[in-house]
Amino acid sequence: MREPDLGIRRGQERGAALLTVLMLVAIIAVMAGAALEKLRLSTRLASNAATGEQARAYALAAETMALTRVSNLLAPKPSRVTLAGGWSNTPFGLPVPGGFATARVRDGANCFNLNSLVGMTTPGVYVARGDVRPQFVRLMRLLDVPVQVAEQVAAGTTDWIDSDQDQSPMGAEDGAYLGRVPSYRTAGTLMSDPSELRAIAGMTPEIYTKIRPWICTLPFAKPSPINVNTLLPEQSVLLAMMYPDTLSVGAAQQLLLRRPVQGYATFDELQKGASLLGAANIAPGADAQVLSKWFTLDIDVTLGTTQMQERALIDANRLPAQLVSRQWGEPS
């Protein structure tokens, strides 16, 4: 039998070795590409983290500026706070290398405080308040929420916050939520954010969208001290909410449009005008004032391609004003 030619065998061996080398080169190239991609990603993440921290630092600087502005607004201890001076919701800038930062301050108590649906008996213990719930129902009715649904949401919100497990008529306690998937319990304490309302029995995305601009969660179990001197005409629904079905949104808007330039010296001055329109006194539990002690701060920072939003609550009951809470990201 004739043996294979030695040259052919050596050629086959060289071909196999070349194929092995090419495979090794391909594997090494893939590994190098993966390593470079990981390095690029790590570098990008580190850069984004550094930029994010820098943007956060600029936001904190804007907070300081806003606190100074609020303190200066109330430093003379005015008898009333009005929109004079253009301080409300007017952006003021902060010089930022490679970007820009703006902050806006507005009255933070011109809203319905969901936490006012309860009252605190002892520290950490909350019971339902019957005099405030009708205001919440009326607010929802003015926003075209059906009466029965509004009653259910108001009762469910009260049960969500109060400390007991006594279910109010049309309300919902733990039993109504433990059967859901996933199951959960009521909070039994004050709400920290209006988005908690989404978990309440009877709430829908459509209703939440309607009422979200008009509600808040101030950190106390009392009605929101609404300042009739800083209410805008487009916020007239909040003024009408405080009356027991005797003041329409249109009439409330007229009262705000006729407001003196220097504002009302007392709420009684506005009440006189409301009485001429056939409105009774504000409902029990409502708190109408001519001063502002709570402020909302909105900050937007753009640094290169990084954007950051912050929303904070300022307490100016005692000066200098203090920041009591902050949230990063878009409002929920």
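Below, each value reflects all heavy atoms present in this structure, side chains not excepted, and no hydrogens, waters or symmetry copies.
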For a 4.5 angstrom cut-off between non-hydrogen side-chain atoms, does [X] reach [Y]?
{"X": "Ile27", "Y": "Met31", "result": "yes"}
{"X": "Gln148", "Y": "Gln152", "result": "no"}
{"X": "Leu255", "Y": "Leu277", "result": "yes"}
{"X": "Arg129", "Y": "Ser116", "result": "no"}
{"X": "Ile211", "Y": "Phe112", "result": "no"}
{"X": "Leu190", "Y": "Thr217", "result": "no"}
{"X": "Glu173", "Y": "Asp164", "result": "yes"}
{"X": "Trp328", "Y": "Met308", "result": "yes"}

Taking every non-hydrogen atom, the tightest pair across [X] and [Y]:
{"X": "Ala150", "Y": "Val145", "value": "N-CG1, 4.0 Å"}
{"X": "Ala61", "Y": "Leu94", "value": "CB-CD2, 3.9 Å"}
{"X": "Leu231", "Y": "Ile226", "value": "CD1-CG2, 3.8 Å"}
{"X": "Val301", "Y": "Ala101", "value": "CG2-CB, 3.9 Å"}
{"X": "Val228", "Y": "Ala288", "value": "CG1-CB, 4.4 Å"}
{"X": "Ala59", "Y": "Ile299", "value": "O-CD1, 3.4 Å"}

For residues [X] and [Y]: do they belong to one hydrophobic cluster (side chain heavy atoms under 4.5 Å, members Ile, Leu, Val, Met, Phe, Trp, Tyr)?
{"X": "Phe136", "Y": "Trp160", "result": "yes"}
{"X": "Tyr208", "Y": "Leu139", "result": "yes"}
{"X": "Leu313", "Y": "Leu74", "result": "no"}
{"X": "Trp214", "Y": "Met140", "result": "yes"}
{"X": "Leu291", "Y": "Phe267", "result": "no"}

Separation of [Y] [atom2] from [X] [atom1] (nearest 0.5 Å):
{"X": "Ile200", "Y": "Thr204", "atom1": "CD1", "atom2": "OG1", "result": "13.0 Å"}
{"X": "Tyr264", "Y": "Asn227", "atom1": "OH", "atom2": "CG", "result": "12.0 Å"}
{"X": "Ser183", "Y": "Tyr177", "atom1": "OG", "atom2": "OH", "result": "13.0 Å"}
{"X": "Gln322", "Y": "Ile314", "atom1": "CD", "atom2": "CD1", "result": "10.0 Å"}
{"X": "Asn229", "Y": "Ser292", "atom1": "CG", "atom2": "OG", "result": "8.0 Å"}
{"X": "Gln235", "Y": "Met241", "atom1": "CD", "atom2": "CE", "result": "11.0 Å"}

[Y] and [X] side chains, donor-acceptor separation under 3.5 Å:
{"X": "Asp174", "Y": "Thr186", "answer": "yes"}
{"X": "Asp107", "Y": "Thr230", "answer": "yes"}
{"X": "Ser168", "Y": "Asp159", "answer": "yes"}
{"X": "Asp193", "Y": "Gln327", "answer": "yes"}
{"X": "Asn89", "Y": "Arg104", "answer": "yes"}

Report task. Assess Arg69 against Trp87: is NZ or CZ under 6.0 Å from the centre of the six-membered ring, and within 45 degrees of the ring's axis? Result -> no
Answer yes or no: is there a donor N or O on one side and an acceptor on the other, between the side chain of [X] and the main chain of [Y], under 3.5 Å?
{"X": "Thr302", "Y": "Gln307", "result": "no"}
{"X": "Asn115", "Y": "Leu218", "result": "yes"}
{"X": "Thr296", "Y": "Arg106", "result": "no"}
{"X": "Ser236", "Y": "Leu232", "result": "no"}
{"X": "Thr246", "Y": "Ala280", "result": "yes"}
{"X": "Asn113", "Y": "Lys222", "result": "yes"}
{"X": "Ser325", "Y": "Ala312", "result": "no"}
{"X": "Glu196", "Y": "Ser192", "result": "yes"}
{"X": "Arg80", "Y": "Gln262", "result": "yes"}

Query - Phe220 and Trp294 aromatic ring geometry - parallel, tilted or perpendicular at 30°/60° bounds - result: tilted
Query - Salt-bridge contact Glu310-Arg56 (side-chain N to carboxylate O under 4.0 Å) - result: no
Requested in this report: Please assess Ser163 against Val125 for the test side chain to side chain contact (heavy atoms under 4.5 Å, CB included), listing each intermediate value before the final yes or no.
Outcome: CA-CA 6 Å; Ser163 302; Val125 178; 4.2 Å; yes
Report task. Output, in order, the C-alpha distance, side-chain angles, deciding distance and verdict of side chain to side chain contact (heavy atoms under 4.5 Å, CB included) for Met65 and Phe92. Result -> CA-CA 9 Å; Met65 293 177 61; Phe92 59 91; 3.9 Å; yes
Query raised in the report: Would Thr157 and Leu197 satisfy side chain to side chain contact (heavy atoms under 4.5 Å, CB included), going step by step from the backbone distance to the final call?
Result: CA-CA 7 Å; Thr157 306; Leu197 203 60; 3.2 Å; yes
Query - Verdict with supporting geometry, Val237 and Leu143, side chain to side chain contact (heavy atoms under 4.5 Å, CB included) - result: CA-CA 8 Å; Val237 65; Leu143 297 172; 4.2 Å; yes
Could you check whether atom [atom1] of [X] has more than 12 heavy atoms from other residues, nucleotides or ligands sitting under 6.0 Å from it?
{"X": "Arg180", "atom1": "CZ", "answer": "yes"}
{"X": "Arg185", "atom1": "CZ", "answer": "no"}
{"X": "Glu234", "atom1": "CD", "answer": "yes"}

Report summary line: From the list Gln135, Arg138, Gln271, side chain to side chain donor-acceptor pair (under 3.5 Å) partner of Tyr243 resolves to Gln271
